[in-house]
Amino acid sequence: MLPYLAPPVLQLGPLQITAFDALVFASVLVGLEVFVKRAARLGWDKQKATSLVLFTIASGFVGSHVFEILAYHPRDAWEHPLVLVQPWGRMSSFGGLLGGIAGGSWLVRRRGLSRAQVLEFLDIVAYAFPFSWSFGRAGCALAHDHLGVASTSALAVAFPDGPRFDLGLLEFFYTLLIAALFFVLDRRRRPTGFYLGAFFLLYGPVRFALDMLREGDTRYLGWTPGQYLSVCATLFGGALLIQRKRSAKPL
């Protein structure tokens, strides 16, 4: 069984920095670095690529918070609408993905780039995402903010009140595997859109399974909002891979 680690906190005078805060910041820096290097390798202007991905990241944070409130805590939004604009509030990974894709796609198109360039941009983001997301999920694991059901499994964590799954930790392990796989796969050229499709196809089924272990989440007809989106992500990823294999040229 895995040991329980108390959430570390750094106190700098009146300023309190949690491990989650530090790792989310690190995830942004790592994702930005991986994205910009890959974009430059594919011929994108560094300054343009950086501005696009920074807007995408900001859109992701907004989407993450808004989706979390509307999908998981709709009563809070109804009773206190201002909760929707509170920074650094509750966050949803799928909301971040949807917000980032929507925001990034909108800005790329607004700047006059083609649909093919939109797909290439999103594919670069998708390649960089697991490297970034592993740091974010490490923060979730240290914050213990995704508690699962009680278990005596070797993958359970020995919490003070009894062993249970820490879903943030489990997803952290899985995200590392996706990042390692993408790193290996990048030794060969892949069709544009490959990493976008591959990420959703790999992430969807495992996220669906992890949500089955959640405790306390809002459910609609027995499923969490994340499970419904997991099914959509899996179908989208598989369809995109099939479509790109048939029609796209390698990068």
Side-chain angles (χ1 to χ4, degrees), residues 1-12 14-28 30-31 60-61 64-76 83 86-97 129-180 202-231 233:
M1 191 173 296
L2 300 172
Y4 172 83
L5 299 177
V9 177
L10 177 63
Q11 193 73 41
L12 298 175
L15 182 62
Q16 187 180 77
I17 302 175
T18 67
F20 177 80
D21 297 332
L23 285 166
V24 167
F25 182 69
S27 75
V28 173
V30 170
F61 277 110
S64 176
H65 177 65
V66 171
F67 181 83
E68 169 72 15
I69 298 300
L70 293 179
Y72 290 92
H73 310 280
R75 180 174 294 181
D76 290 355
V83 74
Q86 290 178 350
W88 297 102
R90 291 169 289 196
M91 303 170 74
S92 160
S93 54
F94 266 120
L97 288 170
F129 186 76
F131 299 91
S132 169
W133 191 236
S134 60
F135 283 85
R137 277 310 189 207
C140 293
L142 289 174
H144 307 294
D145 57 358
H146 296 288
L147 298 181
V149 297
S151 173
T152 57
S153 164
L155 291 176
V157 173
F159 282 86
D161 59 348
R164 63 176 59 246
F165 287 118
D166 187 324
L167 303 182
L169 180 62
L170 294 181
E171 192 169 321
F172 164 68
F173 291 149
Y174 185 60
T175 306
L176 286 180
L177 291 177
I178 297 178
L202 291 169
Y203 182 70
V206 172
R207 174 57 189 273
F208 185 94
L210 289 176
D211 269 25
M212 294 177 66
L213 303 176
R214 284 184 182 272
E215 276 196 345
D217 264 12
T218 301
R219 295 180 183 271
Y220 302 93
L221 300 177
W223 284 7
T224 67
Q227 286 180 300
Y228 286 102
L229 288 176
S230 293
V231 173

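Just so it is clear, the model here is predicted, and its values are computed rather than measured. Position 1 is the first residue of the sequence, and the numbers go up from there.
- Panel note: side chain S92, backbone S64; no donor-acceptor pair is recorded below 3.5 Å.
- In terms of heavy-atom proximity, S27 sits nearest to G136 at CB-N, 3.8 Å.
- Between F159 and Y4, the two ring planes are tilted [angle within 30° to 60°].
- A distance of 11.5 Å separates NE2 in H146 from CG in L170, rounded to the nearest 0.5 Å.
- Side-chain contact between V231 and W223 is present, with heavy atoms from C-beta onward closer than 4.5 Å.
- With 3.5 Å as the limit, one finds a donor-acceptor pair spanning the side chains of Y203 and E171.
- In this structure, L147 and E215 have side chains that are not in contact, with every pair of non-hydrogen atoms separated by 4.5 Å or more.
- Dense packing is recorded around CZ of F208, with more than 12 heavy atoms of other residues, nucleotides or ligands lying under 6.0 Å away.
- P225 has its side chain within reach of Y72: a pair of non-hydrogen atoms, C-beta onward, lies under 4.5 Å apart.
- For the pair F129/L97, a side-chain contact is recorded, criterion being any heavy-atom separation below 4.5 Å from C-beta on.
- Distance CG/L229 to CZ/R207: 8.5 Å, rounded to 0.5 Å.
- Residue S151 holds its OG atom at 12.0 Å from CG of D166, rounded to the nearest 0.5 Å.
- A side-chain donor-acceptor contact under 3.5 Å links R164 to the backbone of G148.
- A 4.5 Å side-chain heavy-atom check between F173 and L169 finds at least one atom pair inside the cut-off.
- Between Y228 and L221 the shortest side-chain heavy-atom distance falls below 4.5 Å.
- A pairwise comparison of heavy atoms in T175 and P130 identifies CG2-O, 3.3 Å as the closest pair.
- Rounding to the nearest 0.5 Å places CG of L176 at 13.0 Å from CH2 of W133.
- A heavy-atom distance below 4.5 Å is found between the side chains of C140 and D145.
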Self-check item: Audit row: F61, H65, side chain to side chain contact (heavy atoms under 4.5 Å, CB included) steps and yes/no
Solution: CA-CA 6 Å; F61 277 110; H65 177 65; over 6 Å; no
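- The nearest pair of heavy atoms linking G204 to S230 is O-CB, 3.3 Å.
- Shortest non-hydrogen contact noted between M1 and P163 is SD-CB, 3.3 Å.
- With hydrogens and angles ignored, the 3.5 Å screen pairs no side-chain donor or acceptor of H73 with any backbone N or O of L70.
- The minimum heavy-atom distance between A143 and F20, with the atom names listed, is CB-CB, 4.3 Å.
- Between L213 and F165, the shortest heavy-atom distance links the atoms CD1-CD1, 4.0 Å.
- In this structure the side chain of I17 never reaches within 4.5 angstrom of the side chain of F25, judged on heavy atoms.
- For the side chain to side chain donor-acceptor pair (under 3.5 Å) test, residues two or more places apart in sequence or in another chain that qualify with T224 are D211.
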